[in-house]
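Structure, as structure tokens:
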Amino acid sequence: MRETKTYVAVAFNLPVEKFFWYILPSRFKRRLIKRGQRVVVPFGSRQILGFVVEESSRRPQGELKEVRDLFDRSSPFSETLFQLARWISDYYSCSLGQALHSIFPFSFPYKEEKPLFNPPSRDSLKREEVYLVKPGKNKFDFILSVIKDNKELQKQVIILVPEISLLATFQEKLERWKVKAGIFHSRLSPKQRYYCWLAMKKGEFDVAVGTRSLVFAPFPDIGSILIDEEESTDYKQKETPKYNVCQVAIKRGELENFPVYLVTNSPSLESWYRAKKKIYRTITFSNNEKEISSFKVVDLKKEKKENRIFSSILREEMKKALKRKLPVLLFVPRRGYANFLLCDDCGEVIRCPNCNTGLSFHIRGEMVCHLCGFREKAPKVCPFCGGRNLKKVGWGTQRVELETRRIFPEARVERFDFDTFKSSPHLIPSKIREEKIDILVGTQLLMKEEIISVSGVVAIILLDVLLNLPDFRATEHAFQLLNKISRSLNKNSSLIVQTYNPSHYVLSTKTCEDFYLKELEIRKTLRYPPFQRWIRFLLEGRVKSKVKDRSEEIAREIRKENIDFLGPSPCPFSRIKGKYRYHIILRDDGLSDLQQIIKRVNLGMMKGSVKVGVDVDPLFIV
DNA sequence: AGCACGCCGACT
DNA sequence: GTCGGCGTGCTC
């Protein structure tokens, strides 16, 4: 019998759409090659790993090289996880190889692992739904009930949290409930993560808790995915593929037929809107409709100038809390000592040579760029005019820390921000319990339920910074923060909000419903999400004119497609790390096939020295 | 993404 | 002359 040759298509973890075909030597043919399995192949001048995505007995065109070796003994991808990769690659516009790699990123050779039990066949008549769960104070009761229900059915539950520091509480609860649980996050070593992955594949756990990439857990029979604090922007992946975990979980639920629970008391406007339109079902616990008005607003316009960090009301409240031996939490929206250095003689600001934004002034006379991390010694005289009157403008955590120590010399003050890596946020509640801290000064990193709930006073030193960020979701995020703090507070504790704009609607709306309706109205008139879907092209390059030219070239290409878009325009941060940045934002009302358009536009545009990136449903437009 | 290849400036 | 800077384009 004549031997027929076999050919395989390989996809790489590279920003290259197409597959590459190789001859599969007959010595490998005895073993079945499954799609998703990795092979070692020659690629240009090197040898790399790639995922087998197709097989054929017909010879493809062109010169072909041979597969050098099989890396895995079997495919790590289930049928549905492979389909999920396909969907990610289509929806978020990345190569199939990149999508497969983000689902299975391990560099260990995989060999077949059989589950410890046979998963029952799926009940494919029933279509499962997405639920927006507003648990009030009953979050853990709800989660436990979901775990119990699934345990009875021999199904596994995935619990996702926005970031690592939130895992400790879950770990504690799961231990107390005596649940066989795996913990999965990026701080584990590659080996630890892979072992956890294998254990999940075998079905050794009933539950897994973890961050973003746990959404790809290889459990044999998933009963449901719970996403805690679904509104968190941490659920958006920053690297390609720039997926949103909630969307990926929902897609996976559709493919594997299980319900997804978005658990939060302050939903994202998008999710709230979908629940309102009955695309998601809503589960509300009875004590949830508490009003959000339980905070005191301080009008800084009416304060004496020297009281603009600590208003008289705040000082009083702090004294009261300290007397009751309850810790005070001061939220300062930016780190460093001062916001920037301004020359009083010529008006120039000291700027980052890579990013052109104002460098912030840190203690010990250091200038730091918060965009790229650039550091230099603060100048004694103005580098532009030689003037000696360099003024420190604005303030951050370090300045507030010093002021706090000055005004409350007896108190034990601690600062917590990106610069103080000494302690992690989950250690702070225990420090507070041991009565080691009186006043905590920190950034957003501190705004954790378990920290807020043990505080006597929480103060937002200047709300206006949050409201005026260059982001159309700024108000929504400020609302979610206020809502989260006031819900987490003990009933005898208080939230104080200092602002120059006390009549802002984020402060004056009385219920969540009112706020979301108001915000929705604004989004509608301005044609922002959720009324339109956005896709952003980000162009970066060292030569400004080239970036600009290319962005105009792409704009011309898009114009042919007859689709609405903004730009091209320089990004709000027009230069980062020495690279000029332009963007174009496609705005779609849901009728056109944007993904196809991106492909057509991208095809002709991949050439050249300007990097073009695509972000589908972007969260940050900076 | 790498890596090679190619075309310009400043050095022994 | 030639070493090496990075801009450009290809990888079955």
Side-chain angles (χ1 to χ4, degrees), chain A residues 4-29 33-72 85 88-89 92-107 190 213 237-243 353-354 537-554 557 575-582 598-599 601-615:
Chain A
T4 52
K5 283 202 168 182
T6 305
Y7 306 93
V8 288
V10 178
F12 299 110
N13 178 28
L14 297 176
V16 180
E17 286 283 322
K18 61 175 181 177
F19 305 146
F20 294 81
W21 286 90
Y22 292 87
I23 300 163
L24 188 70
S26 53
R27 68 196 139 105
F28 297 132
K29 275 197 264 174
I33 299 271
K34 294 212 182 108
R35 65 181 187 179
Q37 193 171 339
R38 290 169 301 176
V39 287
V40 182
V41 290
F43 190 66
S45 60
R46 60 213 169 111
Q47 305 226 18
I48 56 172
L49 284 184
F51 299 94
V52 172
V53 290
E54 267 174 52
E55 202 179 4
S56 172
S57 53
R58 299 258 302 275
R59 189 181 215 288
Q61 287 186 329
E63 291 263 302
L64 295 186
K65 291 182 182 172
E66 286 189 350
V67 167
R68 197 57 50 88
D69 210 347
L70 305 184
F71 189 72
D72 298 316
I88 288 172
S89 137
Y92 290 103
S93 193
C94 66
S95 72
L96 182 58
Q98 286 173 309
L100 288 165
H101 182 80
S102 60
I103 294 176
F104 189 78
F106 306 103
S107 47
S213 58
Q237 175 86 7
K238 275 143 210 85
E239 302 83 38
T240 307
K242 296 177 179 169
Y243 61 82
N354 307 321
F537 283 96
L538 175 64
L539 297 96
E540 290 175 293
R542 226 164 271 286
V543 186
K544 190 177 179 180
S545 60
K546 284 198 175 176
V547 183
K548 192 163 183 280
D549 290 351
R550 173 54 60 79
S551 69
E552 272 153 16
E553 201 182 326
I554 292 185
E557 209 63 34
R575 203 169 118 222
I576 295 181
K577 289 188 189 172
K579 292 205 171 133
Y580 289 91
R581 311 168 79 242
Y582 274 71
I598 298 172
K599 281 217 174 96
V601 170
N602 244 349
L603 273 180
M605 294 297 152
M606 287 307 278
K607 60 186 192 295
S609 64
V610 178
K611 201 182 124 198
V612 185
V614 183
D615 189 351

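Since the model is a prediction, treat every value here as computed from it, not as a measurement.
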Inset, instruction - Taking the six-membered ring of F71(A) (Phe, Tyr or Trp), confirm whether the NZ or CZ of R38(A) is under 6.0 Å from its centre and within 45° of its axis. - result: no

How close or far is atom [atom2] of [N] from atom [atom1] of [X], stated in whole angstroms?
X: F43(A); N: dA1(B); atom1: CZ; atom2: P; value: 12 Å
X: R58(A); N: dC12(C); atom1: CZ; atom2: C1'; value: 17 Å
X: R550(A); N: dT8(C); atom1: CZ; atom2: P; value: 10 Å
X: R46(A); N: dC10(C); atom1: CZ; atom2: P; value: 16 Å
X: Q98(A); N: dA1(B); atom1: CD; atom2: C1'; value: 9 Å
X: N13(A); N: dG2(B); atom1: CG; atom2: C1'; value: 12 Å
X: K611(A); N: dT8(C); atom1: NZ; atom2: P; value: 16 Å
X: E66(A); N: dC12(C); atom1: CD; atom2: C1'; value: 12 Å

Inset, instruction - Could you give me the CA-CA distance, side-chain angles and deciding distance for Y582(A) and Y580(A), then say whether ring-ring contact (aromatic ring centres under 6.0 Å, His included) is met? - result: CA-CA 7 Å; Y582(A) 274 71; Y580(A) 289 91; 8.3 Å; no

With the side chain of [X] defined as its heavy atoms from C-beta on, choose the nearest nucleotide among [options].
X: K546(A); options: dT11(C), dA1(B), dG7(C); answer: dG7(C)
X: V16(A); options: dC12(C), dA1(B), dG7(C); answer: dA1(B)
X: L64(A); options: dA4(B), dC12(C), dG7(C); answer: dC12(C)

Legend entry - Worked verdict on K548(A) versus R550(A) for side chain to side chain contact (heavy atoms under 4.5 Å, CB included): CA-CA 5 Å; K548(A) 192 163 183 280; R550(A) 173 54 60 79; over 6 Å; no

Inset, instruction - Identify whether any heavy atom of P42(A) sits under 4.0 Å from a base atom; if not, whether one sits that close to sugar-phosphate; answer base, sugar-phosphate or nothing. - result: sugar-phosphate

Legend entry - Steps toward salt bridge (charged side-chain N to carboxylate O under 4.0 Å, His left out) verdict (K579(A), E540(A)): CA-CA 6 Å; K579(A) 292 205 171 133; E540(A) 290 175 293; over 6 Å; no

